[in-house]
Undergrad: 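Before we start, here is the structure in question, set down as structure tokens.
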Amino acid sequence: MRDLSQAFWIAVPVGLSLVCVLLGLIPVGIGTGGTTAPIFTLAVAYFFAVHRPEFFPPWAVFGIGLLQDVLSGGPLGLYTVVLLAGFGLTHSQRLFLVGRSFSTLWVGFMAVCGLAAAIAWFGASVHYGVVVNPMPLIWQALITIAVYPPMSFVLTRINQRLTVLAPAA
């Protein structure tokens with residue numbers, strides 16, 4: 001019975017991430033004539049790494065990243081590494097982040113987005129064998145940072161429901 005219950009609670013962030021993978025396929029105009037898409041899944045991974053890491057294990061983050069890579073058509077493994085690195089960094093700083101103000105959490109997310117952009121730039125440059133223009137990735141990070149507050153609001157409400165309904169860990 002415990003395994004079934006645990007699978008249900010893991011399905012919540014995984015399901016949210018699947019929705020975010022699909023939302024992340026919708027490009028956003030950036031005002032410079034180009035388009036990019038926020039990494040919504042990074043926001044979910046960051047949030048759950050801080051608030052509910054037991055509900056979002058690394059293997060699930062890996063699977064979501066791999067799905068995002070396959071559906072986006074980018075270099076296979078690039079966003080898998082980005083999500084795992086963001087999740088791992090956040091999880092390693094969890095004790096510092098838990099119970100902090102939203103402002104502190106947002107600054108932490110900004111750092112994770114910066115790391116994500118750097119990893120994506122490096123990975124794309126290696127994959128394509130040229131130094132790629134970092135501006136689309138910088139815009140992607142900025143847009144992702146901008147969408148974090150409303151996403152955090154929604155994720156906080158979902159986490160509050162989970163806290164009420166979840167069995168003690």
Side-chain angles (χ1 to χ4, degrees), residues 3 6-94 97 105-106 108-148 150-152 154-155 158:
D3 291 338
Q6 185 177 12
F8 172 77
W9 297 112
I10 289 172
V12 172
V14 169
L16 289 168
S17 294
L18 292 173
V19 170
C20 287
V21 166
L22 296 175
L23 287 174
L25 297 174
I26 302 169
V28 175
I30 55 177
T32 61
T35 60
T36 190
I39 314 171
F40 293 115
T41 52
L42 185 61
V44 174
Y46 177 83
F47 184 89
F48 280 98
V50 172
H51 299 287
R52 288 291 193 173
E54 70 274 17
F55 291 167
F56 206 26
W59 61 262
V61 176
F62 176 86
I64 293 298
L66 195 58
L67 179 65
Q68 187 166 348
D69 287 331
V70 168
L71 293 179
S72 70
L76 193 60
L78 182 62
Y79 281 97
T80 305
V81 171
V82 165
L83 287 180
L84 284 171
F87 181 83
L89 174 63
T90 306
H91 193 267
S92 74
Q93 299 303 309
R94 182 174 187 267
L97 293 168
L105 292 173
W106 198 18
F109 184 68
M110 290 176 195
V112 168
C113 281
L115 173 70
I119 291 171
W121 172 81
F122 180 77
S125 294
V126 169
H127 176 78
Y128 295 115
V130 297
V131 177
V132 298
N133 179 4
M135 285 313 296
L137 295 168
I138 291 170
W139 277 109
Q140 182 180 48
L142 291 173
I143 293 169
T144 303
I145 289 166
V147 300
Y148 184 74
M151 284 192 67
S152 177
V154 171
L155 293 170
I158 291 169

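Computed from a predicted structure; not experimentally measured. Just so it is clear, the values below take in all heavy atoms, side chains as well, and ignore hydrogens, waters and symmetry mates. One-based numbering along the sequence shown.
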Undergrad: Return the CG to SG distance between L137 and C113, rounded to the nearest 0.5 Å.
TA: 12.0 Å
Undergrad: Please report the shortest heavy-atom distance between R94 and A49, naming the atom on each side.
TA: CD-O, 3.3 Å
Undergrad: Ignoring hydrogens, what is the shortest heavy-atom contact between A141 and A117? Give both atom names and the distance.
TA: CB-CB, 4.1 Å
Undergrad: For a quick test of reading the model, state the closest non-hydrogen atom pair linking P13 to V44 and the distance between them.
TA: O-CG1, 4.1 Å
Undergrad: OG of S17 to CG of L22: how many Å apart, nearest 0.5 Å?
TA: 11.0 Å
Undergrad: Applying side-chain contact (heavy atoms from CB on, under 4.5 Å), name anything that partners L18, two or more places apart in sequence or on another chain.
TA: V14, I64, L67
Undergrad: CG of L16 to CZ of F55: how many Å apart, nearest 0.5 Å?
TA: 12.5 Å
Undergrad: For the residue pair F109 and Y148, categorise the inter-ring angle as parallel (less than 30°), tilted (30 to 60°) or perpendicular (more than 60°).
TA: parallel
Undergrad: What is the ring orientation for F87 with H91, classed by angle as parallel under 30°, tilted 30 to 60°, or perpendicular over 60°?
TA: parallel
Undergrad: Using the side-chain hydrogen bond (donor to acceptor under 3.5 Å, both in side chains) rule, collect all pairs that involve residues 55-68, keeping only residues at least two apart or in two chains.
TA: T41-Q68
Undergrad: Go through the steps to decide whether Y46 and L105 satisfy the test side-chain contact (heavy atoms from CB on, under 4.5 Å), and finish with yes or no.
TA: CA-CA 9 Å; Y46 177 83; L105 292 173; 4.1 Å; yes
Undergrad: Would you give the length of the straight line joining atom CG of L155 to atom CZ of F48, rounded to the nearest 0.5 angstrom?
TA: 5.5 Å
Undergrad: Distance check, rounded to the nearest 0.5 Å: F40 atom CZ versus T144 atom OG1?
TA: 7.5 Å
Undergrad: Can I get a per-line list of side-chain donor-acceptor pairs under 3.5 Å for residues 74-86, giving both atom names and the distance, sequence neighbours left out?
TA:
from, atom 1, to, atom 2, distance (Å)
Y79, OH, Q140, OE1, 2.8
T80, OG1, G65, O, 3.3
T80, OG1, L66, N, 3.0
T80, OG1, D69, OD2, 2.8

Undergrad: If you round to the nearest 0.5 Å, how far is CG of L142 from CE of M135?
TA: 7.5 Å
Undergrad: For a quick test of reading the model, state the closest non-hydrogen atom pair linking W106 to I145 and the distance between them.
TA: NE1-O, 3.0 Å
